[in-house]
Each structure stands twice: as C-alpha cells, then as structure tokens.
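Order of the sequence lines fixes the chain letters, A, B, ..., with proteins taken first and strands second; residue numbering starts at 1 for each chain.
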Amino acid sequence: MAKTKPINRMRCSLPAISINEQTARLLLSAFLMQADPTAEELADLKTAVSEAVTNAIVHGYPDSGGQIFITATLYEDRLFRVQIRDTGCGIEDIPLAMTPLYTTSPEEERAGLGFAVMEAFCDRIRVSSRTGKGTTVTLEKRLTSKQEPGKTR
Amino acid sequence: MHDSVRFEKENNRLTAFLCGELDHHTAGMLRLQIDHMISLQRPKELILDFSAVPFMDSSGIGLILGRHRKMTEIGGSVFLQQMSPRIAQMVALSGIEKTIGQKEES
C-alpha cells in the first residue's frame, strides 16, 4: 500500500495491565473521531486493537509487567495505521501464533482467535517479533470516504 | 462497583445477563461469577444474554467456550441470546455456532 502524507499522529504508552485494554480502545476512538469513520469501521478497529493489546498483555508480558506503545497515524488518503508494540518475550514462531485456534494459554480461556480477528477486521496486518526483544503488530485500514461519489455510508 | 452480570433462574434454566464491555479484563471476573452460579444451581441450560454488551472481542468467545465445557461436564448445555449483529459476527467468525445454540427470545 503506497503511503501518502500523515496528517495526524497519536503516540501513547500504557502499563501492560488488563484495565488498559479498555483505555486503548477509548484512546483509539477519540483519535479516530476527526476522520468520522462509519460505526462499522470504528467497531472493526476497536476490536482489532483490543486483540493486539490483549496479546501484548497476556503473551508479551506473561510474568512481569511492562509498557505497551501505541502509535496511531491518519494519512491524507484516509489510510489509518496503528502500531501496537511491546518489549516483552517475543513470538518464536509467528506463523504458528497466527494460526486460528492456536493458543498458548488454554487455561486462561484464550480462544486463539486474536490474529484471525485482526485479519478479518483490518485490510492489512504485519507482525514482527524477536524472541526476548518484543513484538510489533501493525494494522492498516482504509476508511471510506464521504466525498467519493456513488458510495453510501 | 456495579454488577457486571445478573442472574435469573427458572426451573432448570439459568440465564446470565451480561452487562458492559466484554474483553480479557472483564471476562476473568465474569467467568468466576458464572462458574460459581453454575456450581450452586447446577442448571440443565445456561443462557448467556448479550443485550447489554456493547462491545466484545475474542475474549468473549473464550468465555462462551469455557462455559460450554463446564456445562457439558454436568450434562447441560449453553445457549446464546440477544446478540447484536456485531457480536453475532464475532461468534460466526469463531465457528462456535456449530456447537452452541442460539435463542431468539427467552
């Protein structure tokens, strides 16, 4: 996807505690307001970000806490990109981790659907990880445009 | 703190009215409360009602599957009701609707 100019950016960091799953969703919603997304787009992105942040909390920092870094960028052509980064334990086998229903935490009742949900609700997902260094998940979604003729919202 | 779940018992049917956003943070608490109620009441049917759940991520799927397992252990079953289109979409994505029934109205 060709990148155009960023028009606004939010950077924040939150302690990796589960109450901040909601905090992250609220921050995302607040930032997205300026782009006036459809209810569907907003719900898609809230769900995807919730999954990524939960993964960082549950899997990135399984023992000790840490920080989660979120960078959200809105581009000129209504491309929205959000990066969720942790400096936790990393993922050894990314393709395996992204396999639907695969989970390392069955006792926590994780359904193993986090990445599948992110894929379903975003246009593009990129996962980079280094064992012992951390994981970065990048999600992209192009928001529909009100100006485009023939498109209904 | 406000209640995140309210229960109703009628004959062998236990209905759990979930309330609030359902994510990994809230699922943990809900799981404890629902399981406690299941072991006290030992119902044949557990109905999870989503009418007051404005948001759910895949943690909700984990919660449903976990209760399905719990109910199967005691010879009962789980049903879902009053799901928003959004929650129904998440349920469909997970494929669990093949094993877990849905109720239109209680």
Atom group of A:D44 that falls short of 4.5 Å from chain B, counting heavy atoms:
both

Count I, L, V, M, F, W, Y as connected when their side-chain heavy atoms are under 4.5 Å apart, and connections chain through other members. Are A:F69 and A:L139 then in the same cluster?
no

If you count the non-hydrogen atoms of other residues, nucleotides and ligands that lie under 6.0 Å from CD in B:E10, is the total more than 12?
no

Chain A contact via B:M56 - which portion, at a heavy-atom distance below 4.5 Å:
backbone

In this structure, would B:L30 and B:L14 fall into the same cluster of hydrophobic residues linked by side-chain contacts under 4.5 Å?
yes

Name the option with the most non-hydrogen atom pairs under 4.5 Å to chain B; the candidates are A:T103, A:L101, A:T54.
A:T54

For the atom pair CD (B:E21) and CG (A:L26), what is the distance rounded to the nearest 0.5 Å?
6.5 Å

B:I64 with A:V58, same ILVMFWY side-chain cluster at under 4.5 Å:
no

Side chain, backbone, both or neither: which part of A:A43 has a non-hydrogen atom closer than 4.5 Å to chain B?
both

Once you round to the nearest 0.5 Å, how far does CD1 of A:I19 lie from CG of B:D23?
8.0 Å

In Å and rounded to the nearest 0.5 Å, what is the NZ to CZ distance from A:K46 to B:F55?
6.5 Å

Might you point out which heavy atoms bring A:G114 and B:S58 nearest each other, and give the distance in Å?
N-OG, 4.1 Å

Honestly curious: do A:M10 and A:M33 fall in one hydrophobic cluster under the side-chain, below-4.5 Å linking rule?
yes

Judged by atom type as modelled, is there a donor-acceptor pair below 3.5 Å linking the side chain of A:E51 to the main-chain atoms of B:D57?
no

For A:V53, which atoms come within 4.5 Å of any heavy atom of chain B: side chain, backbone, both, or neither?
neither

Could you check whether any side-chain heavy atom of A:I57 comes within less than 4.5 Å of a side-chain heavy atom of B:H25, counting everything from C-beta outward?
no

With the 4.5 Å side-chain cut-off for hydrophobic clustering, are B:I74 and B:L46 part of the same group?
yes

Would you give the length of the straight line joining atom CD1 of B:I61 to atom CD of A:E109, rounded to the nearest 0.5 angstrom?
12.0 Å

When you look at CD of B:Q41, are more than 12 heavy atoms from neighbouring residues, nucleotides or ligands closer to it than 6.0 Å?
yes

Within 6.0 angstrom of B:K9 NZ, more than 12 heavy atoms from elsewhere
yes

